[in-house]
Amino acid sequence: MDLLSNLSVGLSTAISLQNLGYCLVGCILGTLIGILPGLGPAATISMLLPVTFGLDPTGSLIMLAGIFYGAQYGGSTTAILINLPGESSSVTTAIDGHEMALQGKAGLALSTAALGSFFAGTVATLIIAAFAPLLANAALQFGAVEYFSLMILGLIASVALARGSLMNALAMIVLGVIIGIVGSDPGTGRLRLTFGIPELADGVNIVSVAMGMFGLGEIIYNLAEQEKKRTAIKAPFRSLLPSFADIKAMSPAILRGTALGSVLGILPGGGAMLSSFASYALEKKVARDPARFGHGAIEGVAGPEAANNAGAQTSFIPMLTLGIPSNVIMALMAGAMIMHGIQPGPNVIHDQPELFWGLIVSMWIGNLMLVILNLPMVGIWVKLLGVPYRLLYPSIMVFCCIGVFTLNNSVVDVYVMVLFGLVGYIFRLLGGEPAPLLLGLVLGPMMEEYLRRSLQLSRGDPLVFVQHPISAVLLAVAAVLIVIAVLPSIRRKRDEALQEA
Amino acid sequence: MKIQTSVVKAGFAALILCAGLSNAVSAAELPEGNLTAIVPFSAGGTSDALARLYANALGKELNRTVVVDNRPGASGNIGYAAAARAKPDGLTIMFTSSGIVWNPALFNHLEYDPLKDLIPTAHLADAPQVINASVAKFPTQALPDILKYAKEHPGELNLAASGVGLVEANFEVQNGIDVEIIPYNGSSEAVTAVMSGEADIFMGSALNIVPLKDSGKIRPVVVAGPSRLDVLPDVPTTAEVGLPSIQISYFFGAYVPGGTPAPVVEELNAALNKVSKDPAVIKEVNRLGWVPTEETVENFGKMYQAEIQRWKDTARQANIKPLD
Amino acid sequence: MIARYLGDRSILLGIILLAIAAAVLIIASDYALGTTRRMGPGYFPMVLAVLLAGFALALIARGIFGDHDPVDAFAALPAVYILGGAASFGLLLRGGGLLVAIPVMVVVVGFASRQLSFVASLMLAVVLAIGSVVVFVTLLGQPIPVVGDWLRG
């Protein structure tokens with residue numbers, strides 16, 4: 001079968017000593033940046049792009065790809081151990097993963113994340129190999145109208161994962177979207193809500209916000225509680241390996257997460273973050289006792305981790321097959337290809353089979369390397385966190401501050417981080433969850449663009465969102481989700497009222 | 001002792017020849033030091049690739065190290081302003097494409113004076129734009145038919161613009177048609193829109209369409225330039241279909257800060273024009289969808305000023321209001 | 001009564017969000033609204049501000065008519081030290097460079113923990129400052145000022 005011959009071409013390319021070396025370097029670097037808060041794959045890849053000019057194209061792509069999905073693994077590690085998601089896609093992992101760590105199951109959480117990611121990575125690699133051209137064409141069915149509805153659905157679905165009330169979460173989403181608006185209006189370029197600060201012209205940096213709300217806010221919270229939960233993180237090495245029961249518990253979640261991530265990753269604007277949020281919401285909905293979520297449910301780690309890795313890898317598809325990058329990182333990869341004289345597009349599969357298939361096979365090899373790197377090395381990470389909190393938190397702050405600064409070489413980003421540290425802490429006290437705000441922040445600007453374009457295409461007719469079939473379905477699902485979320489509380493209030501009568 | 005005149009003449013000729021040669025190879029006016037190439041885009045795009053190509057070739061020619069400084073953001077204004085602020089000694093050169101003559105029309109307030117703070121130094125390449133159509137909407141029609149359709153159905157067609165749509169607005173006005181110009185973020189998105197049928201027409205460089213021309217979803221209709229492109233041998237020019245007045249081209253050039261001494265500018269111009277003729281460079285430029293060209297400093301300067309005025313006029317005609 | 005209301009989480013959150021919504025509404029009204037077919041820069045922000053105000057009012061209503069949900073104490077001191085420390089990093093980075101900004105931040109932030117002695121925080125400050133310079137500037141080549149403008153010649 002074609003697939004097998006393609007994969008063998010890829011295998012022979014990927015296992016050359018040179019390419020294996022590049023893969024390893026990429027994975028190690030990726031894990032490292034994933035762990036360091038503030039320094040993300042986008043920043044690192046841009047920094048290393050010039051360095052890879054000297055390498056051959058296949059090697060440099062393999063290394064850059066390794067950095068990308070390696071960062072997904074590393075981000076989960078800090079999310080679980082310190083509740084500081086290293087990447088935006090690890091935010092959901094932090095929720096239940098950190099709870100598991102606090103219950104002394106850090107090792108289990110980490111291995112769940114690693115195994116889930118590895119499984120998803122393997123499956124995603126096969127999917128890319130088998131269906132790349134078909135899948136890329138399917139994405140063409142999605143226009144501005146469909147994307148807008150998809151994002152509405154994404155936001156509503158994320159509300160289902162809020163620990164607090166529905167209304168709080170919705171308010172946080174809207175607030176997040178408003179903050180996302182800060183900067184240049186994409187349609188006219190007009191500066192909005194920038195208060196005369198030029199550095200805000202390109203928007204509020206999501207990493208600054210995340211670092212502030214999750215990083216600083218968390219540190220303040222911990223110090224206020226005087227470190228009472230810190231000691232539970234010393235997980236003995238034995239507990240790293242999951243028991244048979246654990247594997248049984250995490251498997252369905254991993255399967256669902258992989259499927260969800262693979263699909264969502266292909267869609268432009270989608271990718272790792274949307275996949276992990278959607279997976280968390282899905283797991284919560286299908287779980288037999290959803291109350292476990294937020295308190296260390298293993299599915300809350302397995303699902304999103306599988307989803308974000310699957311999403312990260314399948315986001316390569318539009319770039320590799322159509323030459324159309326679906327997010328910033330893919331755009332950088334495309335740039336790397338152009339640098340090496342390779343035109344990303346449908347021809348790559350035909351003109352450069354060793355590059356295409358070599359890259360795909362090396363993704364699987366990279367996943368294997370990362371599991372090996374992360375599981376045994378987890379002992380090292382865990383020991384790292386045996387360090388007393390009073391020494392740890394200033395170090396974390398140093399990393400955060402420097403990391404945030406290096407994004408744009410701008411101290412304004414540091415001030416934004418401080419502001420959101422305050423905001424994050426205050427909102428946490430008042431019951432406002434940071435996760436929906438962050439999602440609103442990321443999706444907000446895109447939503448406005450799609451909304452604007454949809455209305456321009458329909459020449460001002462708002463009914464266009466229900467006239468397009470895919471969009472109508474997406475909105476209907478969102479409506480159903482809201483009803484499902486509200487229904488139990490209505491019924492409960494009714495019961496309470498009836499009881500008092 | 002009398003030296004033979006022929007030997008003296010030969011000697012003189014040799015001297016002059018040497019002087020001429022050394023002028024071309026050594027940068028006598030340029031001060032010592034490394035070159036900095038400012039690129040007002042982020043790394044990885046076509047413009048960045050072109051900039052690095054020329055910058056590195058220039059570095060090799062002048063035997064200097066070249067440091068590429070990407071300064072993306074604010075539609076290029078950040079990079080342009082940075083170049084304007086740089087030391088006018090000839091060691092800092094900015095490489096950029098046509099956007100630089102659009103911004104004076106699009107922004108009320110620029111951090112630099114486009115006429116005084118930047119000196120157009122070398123006109124390096126042109127990219128005649130290719131007009132593409134969605135196969136679903138226009139499976140076989142040539143440009144005249146498409147324009148006819150547009151005139152008969154005002155406001156119906158969707159024209160995908162990779163940026164703010166200034167060039168597209170110009171096209172509208174010049175051809176007397178009324179289409180809906182829809183801005184997208186960059187050419188990839190615009191091309192996808194046409195392929196999915198969301199938009200009907202797109203104008204872009206050859207690089208955007210070459211990998212997709214056989215996809216069955218988008219087709220190049222015409223090249224709005226003086227001659228056919230090597231990479232699209234089957235696509236006619238606007239002249240060939242009877243519309244020679246439609247010429248849409250982007251240009252790529254090098255600029256130095258205002259106040260750079262004229263001899264330095266001339267020297268850089270000569271060096272850049274020289275590297276522009278290197279076959280390896282020409283091959284790369286063509287692959288990226290551009291056509292190398294060259295121009296004197298004076299003519300390029302005139303062209304720059306004329307273009308700035310032209311786009312200001314276009315913006316006014318198309319009712320595009322400049323931003324603050 | 002007032003104290004009970006002001007100590008309720010939903011009401012406080014609602015008030016803050018309402019204030020933000022009002023501010024956005026006022027600022028956005030300066031931007032061109034445009035039409036539905038061609039949304040101007042002000043369109044979306046106005047819609048969002050109205051939505052946010054709606055939620056804010058609902059939250060306040062819930063706070064008044066629903067169960068009382070008291071706010072936890074605001075830990076002012078740790079907040080001041082942590083945020084102040086990070087802010088001081090931002091303020092000192094350009095002028096003093098990493099070698100000034102990091103130690104100052106670590107010492108300030110150190111006051112937030114009752115278990116960290118001043119001496120320990122000083123030692124930690126030095127270690128982190130040197131370590132960061134080595135990792136970020138020497139190894140990763142980041143263009144961060146090590147010694148700032150004030151200290152240069």
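All values below were derived from every heavy atom in this structure, side-chain atoms included, with hydrogens, water molecules and symmetry-related copies excluded. Lettering of chains follows the sequences in order, A, B, ..., and the numbering in each one begins at 1.
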* **Heavy-atom pair with the smallest gap, counting every atom of C/Leu83 and A/Ile220** => CG-CD1, 3.9 Å
* Which heavy atom of C/Leu48 sits nearest a heavy atom of A/Val174, and at what distance? -> O-CG1, 3.5 Å
* To do: Return the set of residues passing salt bridge (charged side-chain N to carboxylate O under 4.0 Å, His left out) with C/Arg9 (not counting sequence neighbours), or none when no residue passes.
  => C/Asp69
* Asked: Distance from C/Leu51 atom CG to A/Leu175 atom CG, nearest 0.5 Å?
  -> 12.0 Å
* Taking side chain as C-beta onward, heavy atoms only, is A/Phe405 less than 4.5 Å from C/Leu98? -> no
* Asked: Can you find a heavy atom in the side chain of A/Val411 that is under 4.5 Å from one in the side chain of C/Phe89?
  -> no
* Most chain A-contacting option - heavy-atom pairs closer than 4.5 Å, from C/Val106, C/Asp30, C/Leu91 -> C/Leu91
* Structure fact -> So, the part of C/Leu124 with a heavy atom under 4.5 Å from chain A: the answer is side chain
* **From CG (A/Leu166) to CZ (C/Phe55), nearest 0.5 Å** => 8.0 Å
* Identify the heavy atoms of A/Glu448 and C/Met39 that sit nearest to each other, and give their distance. => CG-CE, 4.2 Å
* Measure distances from C/Ile27 to the heavy atoms of chain A and classify the residue's part below 4.5 Å as side chain, backbone, both or neither. => side chain
* Partner chain C: residue of A/Ser458, A/Ser454, A/Ser395, A/Cys401 with the largest heavy-atom pair count (under 4.5 Å) -> A/Cys401
* Structure fact -> Most contact-rich option vs chain C, by heavy-atom pairs under 4.5 angstrom, among A/Asp461, A/Leu216, A/Val418, A/Ile426, is A/Val418
* Region of C/Ile102 in contact with chain A, defined by heavy-atom distances below 4.5 Å -> side chain
* Asked: Rounded to the nearest 0.5 Å, what separation is found between the CG atom of C/Leu52 and the CG atom of A/Leu170?
  -> 11.0 Å
* Structure fact -> Closest heavy-atom pair, A/Tyr415 versus C/Ala87, reported as atoms and distance to 0.1 Å, is CE2-O, 3.8 Å
* **Sub-4.5 Å side-chain heavy-atom contact between A/Val177 and C/Phe44** => yes
* Asked: Which region of A/Phe195, side chain (C-beta onward) or backbone (N, CA, C, O), has a non-hydrogen atom less than 4.5 Å from a non-hydrogen atom of chain C, or is it both or neither?
  -> side chain
* To do: Answer with side chain, backbone, both or neither: which region of C/Ile82 has an atom nearer than 4.5 Å to a non-hydrogen atom of chain A?
  => both
* If you count heavy-atom pairs under 4.5 Å with chain A, which of C/Leu13, C/Leu59, C/Val24 comes out on top? -> C/Leu13
* Structure fact -> d(C/Ser10 OG, A/Asn168 CG) to nearest 0.5 Å is 6.0 Å
* Between A/Arg192 and C/Pro41, what is the shortest heavy-atom contact and its length? -> NH1-O, 2.6 Å
* Structure fact -> Looking only at heavy atoms, the pair that brings A/Ala171 and C/Leu17 closest together is CB-CD1, 3.7 Å
* Asked: Which one of A/Leu451, A/Leu429, A/Leu457, A/Val414 has the most heavy-atom pairs closer than 4.5 Å to chain C?
  -> A/Leu429
